[in-house]
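Since this is a predicted model, take the numbers as computed values, not measurements. Every chain is numbered from 1 and lettered A, B, ... according to where its sequence line falls, protein lines coming before strand lines.
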Protein chains: 2
Amino acid sequence: MAVLLKQLAAASGYSINTVSRALRDKDDVSPETKKKIRALAAELGYVNNSVAKSLRTGKTNTIGVISADSSNPFFAEVIMGIENAARASGYHILLTNTEESTEREREAISVLLGKQVDGLLLMPVLQQHNNGHYIKSLDVPYIIVGRWLPGLEDHSVMSDEYEKAKEVVLYFLKNGHTDILHLAGPSCVSSSVDRLRGYRDAYAEAHMPIQEELIIETKGHLEDGYHEVSALIRNERKISAIFAFNDLVAVGALRALKESGLKVPKEVEVIGFDDLNFSKYLHLSLSSVSIPKKTLGTLAFKTLLDHIENPEAPYTKKTVASRIVFRETTLEQEP
Amino acid sequence: MAVLLKQLAAASGYSINTVSRALRDKDDVSPETKKKIRALAAELGYVNNSVAKSLRTGKTNTIGVISADSSNPFFAEVIMGIENAARASGYHILLTNTEESTEREREAISVLLGKQVDGLLLMPVLQQHNNGHYIKSLDVPYIIVGRWLPGLEDHSVMSDEYEKAKEVVLYFLKNGHTDILHLAGPSCVSSSVDRLRGYRDAYAEAHMPIQEELIIETKGHLEDGYHEVSALIRNERKISAIFAFNDLVAVGALRALKESGLKVPKEVEVIGFDDLNFSKYLHLSLSSVSIPKKTLGTLAFKTLLDHIENPEAPYTKKTVASRIVFRETTLEQEP
DNA sequence: TGCCATAATATTAACGTTAATGTTAAATCC
DNA sequence: GGATTTAACATTAACGTTAATATTATGGCA
């Protein structure tokens with residue numbers, strides 16, 4: 001069915017090896033021979049069998065991407081950046097999702113290793129029994145994207161989330177807010193930890209007491225923001241500012257605020273995180289911490305590629321700068 | 001570095017083949033032997049080399065997914081459905097994006113075939129010189145997801161877009177709208193064609209004249225909806241209803257309407273397409289045609305798997321039902 | 001002229017696995 | 001008790017490619 005080197009060899013009269021070398025443009029094949037063989041390959045529609053090639057060369061030109069949830073717009077964007085960069089360098093990506101389960105994560109790593117990926121891009125779960133130890137023992141290059149794992153910080157490519165989270169909350173505190181709701185993300189995600197730490201440290205820096213009940217852990221979904229804020233309002237809990245784990249949660253929160261008649265930003269200011277594409281087109285354009293998602297993906301791939309090509313090189317943590325974008329859900333607004 | 005069957009054989013005293021058969025639970029290996037070999041494999045951390053296995057068996061348990069833009073929330077959702085279903089069946093996906101370029105599409109197909117994928121899931125570009133002919137000549141199973149290509153309709157798994165588009169526009173017409181803007185998608189995408197056809201046929205069925213200048217082709221992005229509607233309003237073009245190619249365009253359009261002070265839905269009704277996750281949480285929850293995106297992905301994979309396992313089976317077009325969800329951007333609203 | 005370098009090709013082996021055969025000894029049968 | 005089956009393993013070959021190592025003819029040079 002498929003055309004093989006063997007057929008090209010038979011049809012051209014050359015040996016399999018010469019055909020192989022001709023197609024790979026090696027310089028001990030004469031130009032005329034190359035031309036003949038190439039024409040024949042094109043004519044018969046020869047496609048190199050990468051599986052055989054990979055077995056022989058020990059390279060698959062494939063990397064594994066282990067994401068938590070590729071349907072989340074943030075990850076979708078990052079993955080797009082990864083895929084673009086990978087394709088530009090002749091690599092392909094094997095994509096798999098863990099839904100924040102350490103078990104699935106371990107399983108995914110193992111399967112991808114079996115598939116002989118040249119490297120791994122991970123968005124790992126941060127938990128008591130996380131896969132840090134297992135990951136540390138890997139002997140393929142790997143980069144942790146947009147997250148971190150204790151002891152493996154040097155493998156991370158991420159943004160300056162802690163700093164920006166703190167800045168956001170300091171902005172609120174400076175403006176006199178005392179009841180700042182933090183709709184936190186899942187505690188098993190390092191981003192949640194960093195953003196929450198930013199919240200806490202801002203309060204500390206302002207010498208303000210934290211109201212623990214204003215820190216609510218969510219799964220980072222639209223409905224979480226909606227339900228949590230609705231519940232708070234039902235219970236007549238006063239809040240005047242919301243720092244959301246991400247824009248999805250923020251959008252849900254905004255909806256709940258609207259339904260309750262609370263005016264944004266006058267009565268409640270809201271700032272999200274990630275700055276998703278749609279955020280600036282919302283009815284009230286959403287103030288958010290803008291992370292260059294595609295850049296993050298691209299940088300992660302390039303960094304991984306560096307380590308694939310140069311396995312001895314030491315890892316160093318890389319950071320891409322994010323910035324707070326003040327839009328219509330805050331009193332302060334950019335021009 | 002990596003542990004091979006060879007090592008397990010040497011360490012256990014059995015032959016490579018027996019080790020292989022033991023690990024694959026073949027029944028001409030004694031239970032005790034299996035137990036011993038499995039314990040050894042676990043102890044040494046043996047991972048089966050899928051590349052070698054694939055070369056030998058002719059199966060990779062991998063499918064290629066060729067999407068236009070995996071960062072588009074619609075595709076991201078569909079791809080998530082695909083990936084989940086694939087993983088559940090022991091398959092993995094190689095994801096690549098074409099950005100609606102026929103050339104990249106062809107390139108992607110060829111590379112993935114070289115990687116010996118067991119099947120292909122395509123979201124192909126519909127153009128004068130599309131890859132229909134090339135695709136038709138493939139000898140791996142393939143399914144076209146959410147789109148169609150002329151002559152290959154039987155390979156499609158999609159939703160009933162034409163019918164729903166028509167229904168949307170008929171709803172507008174029935175309510176007395178005469179100036180219904182259609183923010184169409186790219187003409188090289190079959191969905192755009194179907195949705196536009198629905199628009200036209202609704203007008204025809206209502207015996208109303210179409211105003212061609214109210215059909216505006218876009219790329220289906222947020223900013224397109226925003227800019228096109230802003231421009232129309234600047235030019236004082238009267239519109240009282242908008243049928244958007246997708247929810248992204250609709251969100252952009254809503255933003256433009258809000259900026260111009262036009263009231264939705266009183267002065268302008270808006271209906272989108274796809275029903276993205278966030279649509280129902282928007283300030284004005286968006287009326288839209290709800291496509292079960294994950295289901296679409298799941299069904300596409302399952303259908304592909306059927307054809308992988310049963311290559312002789314004839315292809316038949318499959319459809320998942322979508323439904324119009326009336327929310328706050330239309331006068332009619334569901335309870 | 002004879003020797004050596006070189007260009008161009010061929011031959012052989014290897015990647016790690018699984019499938020197809022072989023082998024051996026114990027168990028079964030009449 | 002000898003032939004036959006069967007359980008449990010081993011040996012060999014193969015998947016399609018590339019790398020390492022021959023081989024052959026040609027030309028240059030002393």
Next on the checklist: Enumerate the salt bridge (Lys or Arg N to Asp or Glu O under 4.0 Å) contacts for residues 39-57 of chain B, please, sequence neighbours excluded, ordered by first and then second residue.
Outcome noted: none
Next on the checklist: Taking any atom closer than 4.0 angstrom to a non-hydrogen atom of chain B, what span of DNA chain C does the protein reach, first nucleotide to last?
Outcome noted: C/dG16 to C/dA20
Next on the checklist: Set out, in order, the CA-CA distance, both residues' side-chain angles and the distance that settles salt bridge (Lys or Arg N to Asp or Glu O under 4.0 Å) for B/Arg38 and B/Asp25, then state yes or no.
Outcome noted: CA-CA 10 Å; B/Arg38 291 223 186 103; B/Asp25 206 19; 3.0 Å; yes
Checklist entry - Which residues pass the salt bridge (charged side-chain N to carboxylate O under 4.0 Å, His left out) test with A/Lys302, sequence neighbours left out? => result none
Checklist entry - Taking DNA chain D as the partner, which of residues 9-21 of chain B come within under 4.0 angstrom of it by heavy atom? => result B/Gly13, B/Tyr14, B/Ser15, B/Asn17, B/Thr18
Checklist outcome for this item: salt bridge (Lys or Arg N to Asp or Glu O under 4.0 Å) pairs touching residues 58-70 of chain B, sequence neighbours excluded, are B/Lys59-B/Asp118
Item to check | Net bend of the helix from C/dT1-D/dA30 to C/dC30-D/dG1, end axes of five pairs each, nearest 10 degrees | outcome: 60°
Next on the checklist: Quick test of your reading: applying ring pair (Phe, Tyr, Trp, His ring centres under 6.0 Å), list the pairs with at least one residue in residues 86-108 of chain A, sequence neighbours left out, ordered by first then second residue.
Outcome noted: A/Tyr91-A/Phe301
Checklist outcome for this item: The correct set of residues in residues 35-58 of chain B placing a heavy atom under 4.0 Å from DNA chain C is B/Tyr46, B/Asn48, B/Asn49, B/Ala52, B/Lys53, B/Arg56, B/Thr57
Next on the checklist: Going by the rule salt bridge (charged side-chain N to carboxylate O under 4.0 Å, His left out), which residues pair with B/Arg24 if we only count those two or more places apart in sequence or in a different chain?
Outcome noted: none
Next on the checklist: For the residue pair B/Ser67 / B/Ser70, report whether a side-chain donor-acceptor contact shorter than 3.5 Å exists.
Outcome noted: no
Checklist outcome for this item: Residue pairs passing the salt bridge (Lys or Arg N to Asp or Glu O under 4.0 Å) test with at least one member in residues 84-96 of chain A, sequence neighbours excluded, are A/Glu83-A/Arg87, A/Arg87-B/Glu99
Checklist entry - Which residue, A/Ile109, A/Ile63, A/Leu120, A/Leu112, forms the side chain to side chain contact (heavy atoms under 4.5 Å, CB included) with A/Val140? => result A/Leu120
Next on the checklist: Tell me which pairs pass ring pair (Phe, Tyr, Trp, His ring centres under 6.0 Å) where either residue lies in residues 19-75 of chain A, with sequence neighbours left out.
Outcome noted: none
Checklist entry - Can you list every pair that meets ring pair (Phe, Tyr, Trp, His ring centres under 6.0 Å) and has a residue in residues 133-154 of chain A, with sequence neighbours left out? => result A/Tyr142-A/His155
Item to check | Separation of B/Ser54 OG from B/Lys115 NZ (nearest 0.5 Å) | outcome: 11.5 Å
Checklist entry - When the distance from NZ of B/Lys26 to P of D/dT6 is rounded to whole Å, what number comes out? => result 20 Å
